[in-house]
There are 2 protein chains.
Amino acid sequence: MFIESYNQQEKVLLAVDCIIFGFDKENLKILLVKRDIEPEKGKWSLMGGFLNAGENLDDAATRVLHRLTGLSNVYMEQLRAYSAPDRDPVARTVSVSYYALINISEHTEINEDFSAKWFDIKKFPDLIFDHNTMVANAMSRLRYRASTKPIGFELLPEKFTMKQLQTLYEVILGETLDKRNFINKINALDILLKTDEKDMKSSRKGSFLYMFDEEKYKVKVSDGFTFKL
Amino acid sequence: MFIESYNQQEKVLLAVDCIIFGFDKENLKILLVKRDIEPEKGKWSLMGGFLNAGENLDDAATRVLHRLTGLSNVYMEQLRAYSAPDRDPVARTVSVSYYALINISEHTEINEDFSAKWFDIKKFPDLIFDHNTMVANAMSRLRYRASTKPIGFELLPEKFTMKQLQTLYEVILGETLDKRNFINKINALDILLKTDEKDMKSSRKGSFLYMFDEEKYKVKVSDGFTFKL
DNA sequence: CCAAAAGTGTTATGGATACACCCATGA
DNA sequence: TCATGGGTGTATCCATAACACTTTTGG
């Protein structure tokens, strides 16, 4: 800010809205809540909340996510501010969107107060206000980030099969990938740990489980390595 | 937003701050203003302003830029929100940063009320608040965007030499480029118009002037072309 | 005639892509 | 024994990177 005096400036409500992504080993999902206040009561929306005094936006987004899911230490990233004057019919509210990546399989403790539900990213209901746009923008940022940083692992359980990892990247990138090329690429990155356990659910033969070796990744990064898929 | 009632929420001041990039045919610059109010009076800062009622953030950023430079129709892009509770010591203010790309050579009508000055991006004074961080983030977004969209032309005069274009990309990307490879790549994109005029200032032989063919670019994009440098 | 910048193509390298068969196992 | 998904390697192609000499012309 500059020039105008601080007094006599309009203040606005500032909110955060979270695009919460999950992956159920087959499809990419988003977690939506059913709005229980007017306006638009009963319609689906992103989980959101207002910024509190003494709190920054990251804190607010973390708090909002925690309130819904009980989770902490979740990967979140700020996306952008939405500020159309009439975007919220009740009061002038500017909202900053965040996306979060959570691992569905290990945590299904969704707070029931919010009537939340997972929806497939390819078909979910119309959302209130500008939330549809927020989701679309989040999706495109996710696509970019997934090819730049190893964030895919945030969406997977600690141990996962190569097939799951590949399927995840396929749904994020929106294209099918060649199995051998994908595995070659991943192995070339040298950031996975192959366990000697097998997942026997998906086939008779069973498929090996892998883990993301975060320590190794960090060391490689500090040596100048950059993730690229 | 969700759940909390709209009443009794803290409202905040919302500002925009502009990272204004320019290019003088040799170096990348940013336009800074000397702050004439307390706190930090006399220190350099980004040009900014508060969000008005009935205005969205893009409008506010456009207005702020216009006030300083007199320019309209400038390329601007929202970057992100800065929200540390104590980032502005006077009042709780959240700021959304924008970067703008302007063509220095054709417009030097900087409003004198603001004691503004162009600084080389590689050495500019310490800025107030979190403005240094804003500039750093803007720079990294600019680097990314420049290899994704033909925004470089926003910084150049209508007609420019290949050398100028190459130098621009070199300062944005922070690396030197091979002349022949650069020209081959640019020509392969097939979005430039070669005029029959020459710039005689830089050499005895003179170098041809080119223009960005925006119409052709748009047609190509709608045919599925994507700019990539 | 010389200094200074403009202009111009080809080869080499490496990463990306395409592609098909055998293996292990439970039913 | 057979059906199902898991696992594996190589050849081709294309985009990128490296690289040096000739042209023009004002002084």
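Each chain gets a letter, A, B and so on, in the order its sequence line appears, and its residues count up from 1.
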Pair B:Asp17, B:Ser95: side-chain N/O donor-acceptor within cut-off below 3.5 Å: yes
message: What is the distance, to the nearest angstrom, from the CD atom on B:Gln164 to the C1' atom on C:dA5?
response: 13 Å
Interatomic distance where NZ belongs to A:Lys163 and P belongs to D:dT4 [whole Å]: 14 Å
- line: Per the under-4.0 Å heavy-atom filter, residues of residues 182-198 of chain A near DNA chain C come out as none
- prompt: Is there a donor and acceptor pair, one atom on the side chain of B:Lys205 and one on the base of D:dT23, closer than 3.5 Å?
  reply: yes
- prompt: Which residue pairs pass the salt bridge (Lys or Arg N to Asp or Glu O under 4.0 Å) test with at least one member in residues 118-130 of chain B, sequence neighbours excluded?
  reply: B:Arg87-B:Asp130
query: Are B:Phe124 and B:Phe119 an aromatic pair by the rule of ring centers under 6.0 Å?
result: no
- request: Would you mind reading off the distance between B:Leu229 atom CG and D:dT16 atom P, rounded to a whole angstrom?
  value: 10 Å
- prompt: B:Leu209 has an atom CG; how far is it from atom P of C:dA6, in whole Å?
  reply: 12 Å
field: Centroid separation A:Tyr82 to A:Phe129 less than 6.0 Å
entry: no
message: Between P on C:dG7 and CE on B:Met162, what's the gap in Å once rounded to a whole number?
response: 8 Å
message: So which atom in B:Val64 and which in B:Cys18 form the shortest heavy-atom distance, rounded to 0.1 Å?
response: CG1-SG, 4.0 Å
Shortest side-chain distance from B:Arg204, nucleotide among C:dT8, D:dG27, C:dA24: D:dG27
field: Rounded distance (nearest 0.5 Å) linking atom CZ of A:Phe114 with atom NZ of A:Lys34
entry: 15.5 Å
query: How long is the line joining CG of A:Leu165 and C1' of D:dG7, in whole Å?
result: 15 Å
message: Looking only at the side chain of A:Asn181 (C-beta and beyond, no hydrogens), which of the listed nucleotides C:dA18, D:dG6, C:dA5 gets closest?
response: C:dA18
message: Between P on D:dA18 and CG on B:Leu177, what's the gap in Å once rounded to a whole number?
response: 11 Å
query: In terms of the angle between their ring planes, are B:Tyr144 and A:Tyr144 parallel, tilted or perpendicular, with boundaries placed at 30° and 60°?
result: tilted
message: Which is more 5' along DNA chain D, the nucleotide nearest A:Thr161 or the one nearest B:Lys228? Just name the residue.
response: A:Thr161
- prompt: What's the closest nucleotide to the B:Arg180 side chain, out of C:dC19, D:dC19, D:dG6?
  reply: D:dC19
task: Take the protein atom CG of A:Asp178 and the nucleotide atom P of D:dT12, then report the distance between them rounded to whole Å.
output: 17 Å
query: Hey, does the side-chain of B:Lys179 have a donor or acceptor N/O within less than 3.5 Å of a partner on the base of C:dG7?
result: yes
